[in-house]
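Have a look at the structure below, then the notes.
Note on naming: letters A, B, ... go to the chains in the order of the sequence lines (proteins, then strands), and numbering restarts at 1 for each one. Because the structure is a prediction, the values reported are computed rather than measured.
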Protein chains: 4
Amino acid sequence: MVRGQRTAETGAERGTVPERLLGAATRLFAEKGFESTSVQEVVAAAGVTKGAMYHYFGSKDDLLHEIYARVLRMQTDHLVEISSREEPVAERVHAAAADVIVTSIANLDDTKIFFRSMHQLAPEKQRSVRAERRKYHELFRAMIGQGQSEGVFRDDVPAELVVDYFFGSVHHLGTWYRSQGALSGTDVGRHFADLLLAGLRPGV
Amino acid sequence: MVRGQRTAETGAERGTVPERLLGAATRLFAEKGFESTSVQEVVAAAGVTKGAMYHYFGSKDDLLHEIYARVLRMQTDHLVEISSREEPVAERVHAAAADVIVTSIANLDDTKIFFRSMHQLAPEKQRSVRAERRKYHELFRAMIGQGQSEGVFRDDVPAELVVDYFFGSVHHLGTWYRSQGALSGTDVGRHFADLLLAGLRPGV
Amino acid sequence: MVRGQRTAETGAERGTVPERLLGAATRLFAEKGFESTSVQEVVAAAGVTKGAMYHYFGSKDDLLHEIYARVLRMQTDHLVEISSREEPVAERVHAAAADVIVTSIANLDDTKIFFRSMHQLAPEKQRSVRAERRKYHELFRAMIGQGQSEGVFRDDVPAELVVDYFFGSVHHLGTWYRSQGALSGTDVGRHFADLLLAGLRPGV
Amino acid sequence: MVRGQRTAETGAERGTVPERLLGAATRLFAEKGFESTSVQEVVAAAGVTKGAMYHYFGSKDDLLHEIYARVLRMQTDHLVEISSREEPVAERVHAAAADVIVTSIANLDDTKIFFRSMHQLAPEKQRSVRAERRKYHELFRAMIGQGQSEGVFRDDVPAELVVDYFFGSVHHLGTWYRSQGALSGTDVGRHFADLLLAGLRPGV
DNA sequence: TATGAATGAGGCTTCATTCAT
DNA sequence: CATGAATGAAGCCTCATTCAT
């Protein structure tokens, strides 16, 4: 009955209980979808009991929310740093676009879950995630807008729409990207950022 | 207890039973997700009994599969027609890109369901949908490839990746597009096709 | 797997499914209390599956509510009949008081449940039961009031309070009455009605 | 992390830990019922941790038992004092009847719990409470019996039954009495004692 | 064709209690 | 004395599907 927090009885026993739970949940939600993964499966994969899970997370929903918060935090931090660099706006947009692709691929499970299961969140948690996401979106849009004001980017397409256009490719990564494929995350990031920037060059 | 198939007892009673079921299912799956919608809710919304549903569809899964088949059929038909036009490849790609956006917006519920719930389909049905989808994808990729061979498009980005890049924006439409917004489906289609084509112009 | 609705595989298999469920629930709720009786125990005692129970009753709460409705209906019917008789008010009050005791003893399980578990009902159902109960209460109070107006009953005690006073003994029956005891329901009814009526005689 | 037993960090922090626990439990059990109140809620309301509760009380059941013991002790003390007064038996019965009403109203939460949740107690504790209750009951019955022997009370109703009759009104108080109402505990006590005594006057 | 009662497995969550610290 | 993480059993309920009529 001894169950230390760091023993390695099964392969899953690494880190603290909440960490193990989040890890297992991320893997399973990405693999089978949130609704098709039972709490039982999550706790089994984490090598923990159901009671322990409900000690740390209020609900299955909470687990999902926590996964979202983690990704959002990281990506927003990156964007804040990039957008405040002392560089021409085109370079910052290119860096930001490449970064969101690279980090999304590095955390592909989170990305899959993010776009596939957000609508399953309880309304109030959904609102909080959306608000956080909007902040990210807004920072990106502002850079596009600046480029348009400076005449570096074409301005016949609303900046808002450019963001929706580009974030589709982020959204989509989970559908097609395979880590065993020929392209690394950095490759994809560079190509996609190139396609975006080229698309934004002022017209013929 | 007599209940004709075409009477109009409730607002939901339009069309044949299978049509009503597909309509109700589409609306509900888009609104609440496939897993969170019960068969009971679907048949109630369609003004039909459970027995009737199982008479026409083998399972809940079948309903989802049928919805997919419907969209895929339509979009593939469009693409076949466009790609076989006697026009410069750049124009055909532009038309195809705009068309997939326009039809996806016109059938936004189907689009939401398509990208959000495909992983819930039974494996064998999932394979059949993917195969069909690959055909569409392939047709599109071939046009890009042709443009690259002709020197009309840049060729430093794999054609395959261009398709993955662009189809992200289709995927994403269900997340942000609102029919009450300022932009019509045609507007968005044109803008997105423009951004794609500009992105494909051979390098500086 | 054959399970007819009227076969007698176990002792519990008599009557329709809802009847069997209500019967089992009444017995168990009275014996162990509502909160301490599991749905599993109820369906097992009724010889039915959980699914069947939820086909007929929306929740465990509903089962309780249905039991209440049954008793209330019966007792209100009785009171309506008695209070409309062409008899002196004192006789009608005596008859009503004796009747509520007799019927409460005849349905002692319902009586126990009624007073012990009503507060466990969902608020809205609780309101509906209380409203129904108030009607009964009101009819009784009106008879007391009439007796006071006619000078047949003392009027130094509010009629309302007399009802609260007397219904305590009904409430209490489930706590002490045992059917194996010396007194029949009719005996108790007569004695209690006598005590009430004597208590109401105009003062010394 | 230092948390003194008598500091006033929250409103709930009054008295010793066991007192606070009993106070919180009484309030909550009366409000929501014993089974519907979790130990977690009790300790939270008392501003104490679970470990602390299990330090002072062996179980949740113990808490309930302690509440019972408290009321019983007080009411028995009162009755012993009253029944041993040097007064005519009718006056003593009147005083005892009024007193049990007054003290039950003064401790309405305990009264509610007493009659509503006793059946949830573990069997052996239930027996101990019942035995104590029987003593009270017996003292009261003896006074009635004495009055009947002396010819002061009617004797066509068993003394035992008179007690069951009257204690119903005590039982019932928790159901209808509201402290904001027009009647004080003393008012109700007087009225109920009057009704009882009048009911006991020797027959016409 | 269509009904709707019934199944039975499984889902999420709660909770009293224990125990190492 | 006191903590609070963890247990494990049990609770209520949902649901896709079947089948006798």
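- Base pairing annotation: E/dA20 forms a Watson-Crick or G-U wobble pair with F/dT3, both donor-acceptor distances under 3.5 Å.
- Residue A/Lys60 is in sugar-phosphate contact alone, with no base atom involved, counting any heavy-atom pair closer than 4.0 Å across all strands shown.
- Atom CG in B/Asp61 sits roughly 8 Å away from atom P in F/dT17 (whole-Å rounding).
- Among the nucleotides F/dG11, F/dT7, F/dG4, the one closest to the side chain of A/Ala52 is F/dT7.
- A/Ser36 comes within 4.0 angstrom of no nucleic acid atom, judged by non-hydrogen atoms across all strands.
- Rounded to whole Å, atom C1' of F/dT7 lies 16 Å from atom CD of D/Gln40.
- Between the D/Arg20 side chain and the D/Ala46 main chain, a donor and an acceptor come within less than 3.5 Å of each other.
- Look at CD on A/Gln120: it is 16 Å from P on E/dG11, rounded to the nearest Å.
- For C/Met53 and A/Glu35, each mapped to the nucleotide of DNA chain E holding its nearest heavy atom, the one lying further toward the 5' end belongs to C/Met53.
- A distance-only check finds no donor-acceptor pair linking the side chain of D/Gln120 to the backbone of D/Ser117 [under 3.5 Å].
- Put simply, CZ on D/Phe57 is 15 Å from C1' on F/dA2, counting in whole angstrom units.
- Distance B/Leu28 CG to F/dA16 P: 12 Å, rounded to the nearest Å.
- Distances were taken from every side-chain heavy atom of D/Thr49 (C-beta onward) to each of E/dA6, F/dG4, E/dT13; the shortest belongs to F/dG4.
- Nearest-nucleotide positions on DNA chain F for B/Gly58 and C/Ser38 put C/Ser38 closer to the 5' end.
- Across D/Ala122 and D/Asp61, no two heavy atoms sit closer than the pair N-OD2, 3.1 Å.
- The CG atom of D/Leu22 sits 4.0 Å away from the CZ atom of D/Phe57 when rounded to the nearest 0.5 Å.
- Nearest nucleotide to the A/Lys50 side chain, out of F/dC12, F/dA10, F/dA16: F/dA10.
- Formation of a donor-acceptor pair under 3.5 Å by the A/Tyr68 side chain with backbone atoms of A/Met118 is found in this model.
- As rounded to whole Å, 13 Å separates atom P of E/dG11 from atom CZ of A/Phe29.
- Rounded to an integer number of Å, the gap from A/Glu41 CD to E/dA9 P is 17 Å.
- Closest to the side chain of A/Ser59, out of E/dC15, E/dT13, F/dC12, is E/dT13.
- For the C1' atoms, the distance linking F/dT21 with E/dT1 amounts to 13 Å, nearest Å.
- For A/His55, the side-chain atoms get nearest to F/dG4 when compared with the rest of E/dA16, E/dA2, F/dG4.
- Rounded to whole Å, the distance from CG on A/Leu21 to P on E/dT13 is 14 Å.
- For C/Phe34 and A/Gly51, each mapped to the nucleotide of DNA chain F holding its nearest heavy atom, the one lying further toward the 5' end belongs to A/Gly51.
- With C/Ser38 contributing its side chain and C/Glu41 its backbone, the two residues share a donor-acceptor pair below 3.5 Å.
- Of the candidates E/dT1, F/dC1, F/dC12, F/dC1 carries the atom nearest the D/Tyr56 side chain, counting heavy atoms from C-beta on.
- Taking side-chain N and O atoms only, C/Tyr54 has a distance below 4.0 Å to OP1 or OP2 of F/dC13.
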